[in-house]
There are 2 protein chains.
Amino acid sequence: MPEWVCGGSKINDDAVCSLGRLIGDQQKAEKRIRELSSLVVTIEGEDPDGTVEVLKAVADPCRLRIIKLLKEGELCVCEIMAALDRRQSSTSHHLSVLKEAGLVRERKDGKWSYYRIADGAVMEMLKQAEVLKKK
Amino acid sequence: MPEWVCGGSKINDDAVCSLGRLIGDQQKAEKRIRELSSLVVTIEGEDPDGTVEVLKAVADPCRLRIIKLLKEGELCVCEIMAALDRRQSSTSHHLSVLKEAGLVRERKDGKWSYYRIADGAVMEMLKQAEVLKKK
DNA sequence: GGTTTATATCGATATATATTGATACTCTAT
DNA sequence: ATAGAGTATCAATATATATCGATATAAACC
């Protein structure tokens, strides 16, 4: 028979209950969940959504290709557009996402805009992603 | 007056034309675009979409939090669910995305499933993303 | 000035993906 | 076997985002 009543409405309560059965001790289960919750508080303090913005920026087929193109050096919008065979508005949109996320920098020269990779960490990040790719 | 006719329908042709005006030499512009196109061919050979899958897996608020939780060590689904206050089906979905992408590994023990980070490269990748975060 | 050109932005649509509730699967214990 | 529990999967919906065409902005040239 069930040792402890689990009538809570919150998701947490269900989990405490499950964990109680797993560990065989509800007290310890509650303590464990409290620890995890405070760990989440710590994580929240580290601005995870800022990190998500950076990751989302490269986590797109088109934008990843742009970054890989820029490895060679600065390119103007029309070059990127041609290389990827994407329309101008689409290319421009992707570049602005990358710029917003701080992955690339823009340099204006007259009518032309040139883009380049903002920081070495960008390629380092990709290197790690590629390590994970095929495992 | 325009030195070269640009009536092509492909995106590439427009770009060659623009670039020709920028460089002041259409021949060189065509060569440049050809070089970039072959660079793209090289990039395609590197399985960029595999890399995108890895990046997409972490580029989500919920999944990033899961990874950060797992930094402490192995957790079972009910613990993750409680910590993030997400429903079971949602939590399970995110874990399967992370597993598919090779970022976490699963260990089954009876009814329980435990997840852990698959490779040190995961945290290294995040570290680089965090470097880029606030610039 | 007006025109052309390079890029950015906008509104509409299409596509992808997160979430939810329900159901299925699987293990354990009775 | 049957029931209960932990997890996975499914179908429907909601939300986010990529793409497209059109337009706006801004610079260069006549």
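A, B, ... follow the sequence lines: proteins, then strands. Residue 1 opens every chain.
Protein atom CZ of Arg107(A) is 12 Å distant from nucleotide atom P of dT7(C), rounded to whole Å. Regarding His93(B), its NE2 atom lies at a distance of 16 Å from the P atom of dG21(C), rounded to whole Å.
For Tyr115(B), a side-chain nitrogen or oxygen approaches OP1 or OP2 of dA8(D) to under 4.0 Å. Between Arg87(B) and the phosphate of dA18(C), there is no side-chain N or O to OP1/OP2 separation shorter than 4.0 Å.
Nucleic acid contact class of Ser92(A) (heavy atoms, under 4.0 Å, all strands): base. Backbone-only engagement by His94(A) is indicated by non-hydrogen atom pairs under 4.0 Å involving sugar-phosphate atoms exclusively. Backbone-only contact: Glu106(B) has heavy atoms under 4.0 Å from sugar-phosphate atoms and none from a base. Among the heavy atoms of the strands lying under 4.0 Å from Ser90(A) are primed sugar atoms or P, OP1, OP2 only; no base atom is included. Within the 4.0 angstrom heavy-atom criterion, no nucleotide atom of any strand lies near Cys62(B). Among the heavy atoms of the strands lying under 4.0 Å from Lys56(B) are primed sugar atoms or P, OP1, OP2 only; no base atom is included.
Listed nucleotides: dA18(C), dT7(C), dT9(D). Nearest to the side chain of Ser89(B): dT9(D). Of the candidates dT19(C), dA27(D), dA8(C), dA27(D) carries the atom nearest the Lys111(A) side chain, counting heavy atoms from C-beta on.
For Gln88(A) against dA6(C), no side-chain N or O and base N or O form a donor-acceptor pair under 3.5 Å.
Remark: side-chain polar atoms of Arg32(B) are not paired, donor with acceptor, to backbone N or O of Lys28(B) under 3.5 angstrom. Side-chain atoms of Arg86(B) do not come within 3.5 Å of backbone N or O of Thr91(B) as any donor-acceptor pair.
Checked against Leu70(B) for a side chain to side chain contact (heavy atoms under 4.5 Å, CB included), the options Ile117(B), Val122(B), Leu98(B) give a single hit: Ile117(B).
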